[in-house]
Enquirer: 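What follows is a structure written as structure tokens; I'll ask about it next.
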Amino acid sequence: MTAIPFDNSFARLPAQMFTSLPPTPVAQPGWIARNTDLAILLGIDPEWFESAEALDVFAGNASAAGSAPLAQLYAAHQFGQWNPQLGDGRAILLGEVIATDGIRRDIQLKGSGRTPYSRSGDGRSWLGPVLREYVVSEAMYAMGVPTTRALAAVTTGEDVYREARLPGAILTRVAQSHIRVGTFQVHASRGDLIALQALFDHTVARHDPGATSPNAFLRAVVARQADLVARWMGLGFIHGVMNTDNCSVAGETIDYGPCAFMDAYHPGKVFSSIDQMGRYAFGNQPGIAAWNCAQLATALIPLMPDRDAAIEIFTQSVNTFPDLYAATWLSVFAAKLGISDPVPDDRALIEDLLDLMAAGGSDFTNTFANLASDTAQEQFADRDRFAAWHSRWVARRAPAFAAVMAKANPQIIPRNHQIEAIIQAGIKGDFAPFHAMLAAVTSPYDTLTPDRARFAAAPTDEEVVTRTFCGT
Ligand code: AMP
Ligand code: MG
């Protein structure tokens with residue numbers, strides 16, 4: 001059995017789309033975590049996965065047989081501003097595998113050293129963002145949300161310099177692809193039709209084999225983004241940096257930088273320290289996802305024979321976003337209320353609850369998790385209005401509401417104050433809190449045993465995290 005059964009295709013695309021180079025070796029690799037279930041899905045030999053050679057591969061110190069390492073070129077609108085050239089500045093794609101489920105997936109190191117796209121960055125990552133991405137992406141997966149995943153995390157034995165000297169680490173990320181809206185944008189903006197067409201053909205073969213035109217592909221991306229963001233909204237998830245380079249055309253959540261799950265609910269909530277205008281506030285996420293789809297549409301225009309006709313049909317396709325989003329949003333939130341056959345009128349019931357939650361700063365996760373219990377009213381400041389809402393709900397919910405709700409409402413999400421705690425322990429070399437939290441957040445719907453209950457508690461006033469920082 002080969003260690004990693006690479007089957008690379010991006011590396012065969014036109015050379016201007018990437019730079020071939022290996023990761024930069026590190027001083028002294030050490031394991032933090034290995035995701036054996038995911039390794040088995042990818043067809044990686046589980047015995048090899050535990051070996052010293054595997055540690056070297058996931059640290060960038062050895063090359064795995066069949067790997068064709070490269071850094072991808074892309075561009076982006078960052079906070080709405082056009083940036084004509086970005087790329088993998090701290091990541092290296094080791095290659096692709098066709099997993100045992102038949103789906104092609106990328107295996108990428110993140111924090112693996114400088115590349116031609118690093119600009120002034122050091123190409124490295126410190127431990128904090130690696131632990132955060134591992135825990136949050138695996139929690140997302142456990143909650144059924146499309147996401148990149150974490151295959152491995154290692155320490156490097158080297159320090160990186162941020163606001164302080166911090167221990168370095170590398171995450172191995174797995175994705176259906178790392179093709180972003182910004183990957184299309186870079187070639188379109190350069191007028192590189194060769195690369196744009198090659199990227200389109202590659203992407204469609206990979207993600208939308210049925211799509212025979214740029215418009216069909218666009219529609220598929222719009223549908224995936226609408227579905228994805230509706231699922232984020234159902235979990236109180238704020239991505240934090242929905243730039244077009246962090247928008248995957250495969251529809252996976254990607255780039256867990258300054259992300260956060262809300263504790264106290266408010267639609268205007270922003271965490272990211274760099275999002276001063278609140279562009280990526282919780283309630284703005286659907287509009288931003290649609291805007292990102294419009295940027296993809298613009299980048300696809302050069303593939304069409306007639307510009308004006310392209311603009312017209314692409315506009316129609318982007319405009320399918322609101323209805324698609326609304327439909328998934330309704331079914332997501334209806335299930336959270338134990339309603340299995342949602343009708344348009346249920347929207348008002350859901351919105352009235354969210355208004356009450358926002359008014360009282362209710363904990364998003366615990367409100368839904370405990371809504372059917374006799375302690376439900378504790379989450380609400382105005383108990384009379386909650387009681388009135390509660391009667392409407394009781395009249396509407398399905399007979400089997402409890403079973404529907406149990407599958408729709410996680411008991412445990414990765415809360416920021418707990419992520420901070422596992423990072424602080426990790427800096428001291430103690431990864432036991434990380435592993436305990438990972439176990440808790442990857443079984444989010446299980447009943448709360450006493451050892452899991454601490455992960456369900458909302459932060460105290462002292463614990464609450466109000467700002468998150470980019471994972472650089
Ligand atoms: P992000 O906002 O995290 O999606 O990153 C935006 C861009 O900055 C991407 O092109 C990254 O590759 C690049 N970048 C972020 N951190 C670093 C770093 N430490 N070294 C080099 N490039 C980086
Ligand atoms: Mg990014």
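All values below come from the heavy atoms of this structure, side chains included, with hydrogens, waters and symmetry mates left out. Counting starts at 1 for both ligands and their atoms, in listed order. All of these numbers come straight from a predicted model, not from anything done at the bench.
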Enquirer: Under 4.0 Å from a heavy atom of N246: give me the atoms of ligand 1 that qualify, with their elements.
Expert: 4 (O)

Enquirer: How far apart are the closest heavy atoms of H77 and T244, and which atoms are they?
Expert: N-OG1, 2.7 Å

Enquirer: Just to check, does G257 reach to within less than 4.0 Å of ligand 1 when the distance is taken from its heavy atoms?
Expert: no

Enquirer: Counting heavy atoms only, name the option from G89, S125, A75 that's nearest to atom 21 (C) of ligand 1.
Expert: G89

Enquirer: Please work out, at 4.0 Å between heavy atoms, whether the side chain, the backbone, both, or neither of R162 comes within that distance of ligand 1.
Expert: side chain

Enquirer: State plainly whether the residues R415 and E420 are in salt-bridge range, i.e. N to O under 4.0 Å.
Expert: no

Enquirer: Assess N243: does it contribute an N, O or S atom lying under 2.8 Å from the Mg ion (ligand 2)?
Expert: no

Enquirer: Closer than 4.0 Å to some heavy atom of G87 - which atoms of ligand 1 meet that?
Expert: 9 (C), 10 (O), 11 (C), 12 (O)

Enquirer: Looking at K110 and D255, does any basic side-chain N land under 4.0 Å from a carboxylate oxygen?
Expert: yes

Enquirer: Does an N or O from D122, backbone or side chain, lie closer than 3.5 Å to an N or O of ligand 1?
Expert: yes

Enquirer: Do N243 side-chain atoms and D245 backbone N/O form a donor-acceptor pair below 3.5 Å?
Expert: no

Enquirer: Got a salt bridge between K269 and D263, using NZ or NE/NH1/NH2 to carboxylate O under 4.0 Å?
Expert: no

Enquirer: Which ligand 1 atoms, with their elements, are less than 4.0 angstrom from a heavy-atom of D245?
Expert: 4 (O), 6 (C)

Enquirer: Looking only at side-chain N and O atoms, does T148 offer a donor or acceptor that is under 3.5 Å from a partner on Y256?
Expert: no

Enquirer: Taking only heavy atoms of D255 into account, list the atoms of ligand 1 that are under 4.0 Å away from them.
Expert: 4 (O)

Enquirer: Using a 4.0 Å heavy-atom cut-off, say whether Y117 meets ligand 1 through its side chain, its backbone, both or neither.
Expert: neither

Enquirer: With the Mg ion (ligand 2) as the reference point, give the N/O/S atom of D255 that is nearest.
Expert: OD2

Enquirer: Quick check on contacts: which atoms of ligand 1 are under 4.0 angstrom from a heavy atom of R124?
Expert: 19 (N)

Enquirer: Could you list which atoms of ligand 1 come closer than 4.0 Å to a heavy atom of R119?
Expert: 7 (C), 8 (O), 13 (C)

Enquirer: Would you mind checking if D106 and R206 are paired as a salt bridge, meaning a charged N to carboxylate O distance below 4.0 Å?
Expert: yes

Enquirer: Applying side chain to side chain contact (heavy atoms under 4.5 Å, CB included) to I44 and L151, what does each step give before you reach the verdict?
Expert: CA-CA 11 Å; I44 294 174; L151 178 63; 3.9 Å; yes

Enquirer: Should you measure from each heavy atom of L86, which atoms of ligand 1 turn up under 4.0 Å away?
Expert: 7 (C), 10 (O)

Enquirer: Heavy-atom distance to atom 1 (P) of ligand 1: which of R90, R114, Q78, Q85 wins?
Expert: R90

Enquirer: Please could you name the atoms of ligand 1 that G123 approaches to less than 4.0 Å, counting only its heavy atoms?
Expert: 18 (C), 19 (N), 20 (N), 21 (C)

Enquirer: Taking the side chain as everything from C-beta on, heavy atoms only, tell me whether R124 gets closer than 4.5 Å to I170.
Expert: yes

Enquirer: Quick one about S317 and N215 (side-chain donor to acceptor, distance below 3.5 Å, no hydrogens or angles considered), yes or no?
Expert: yes

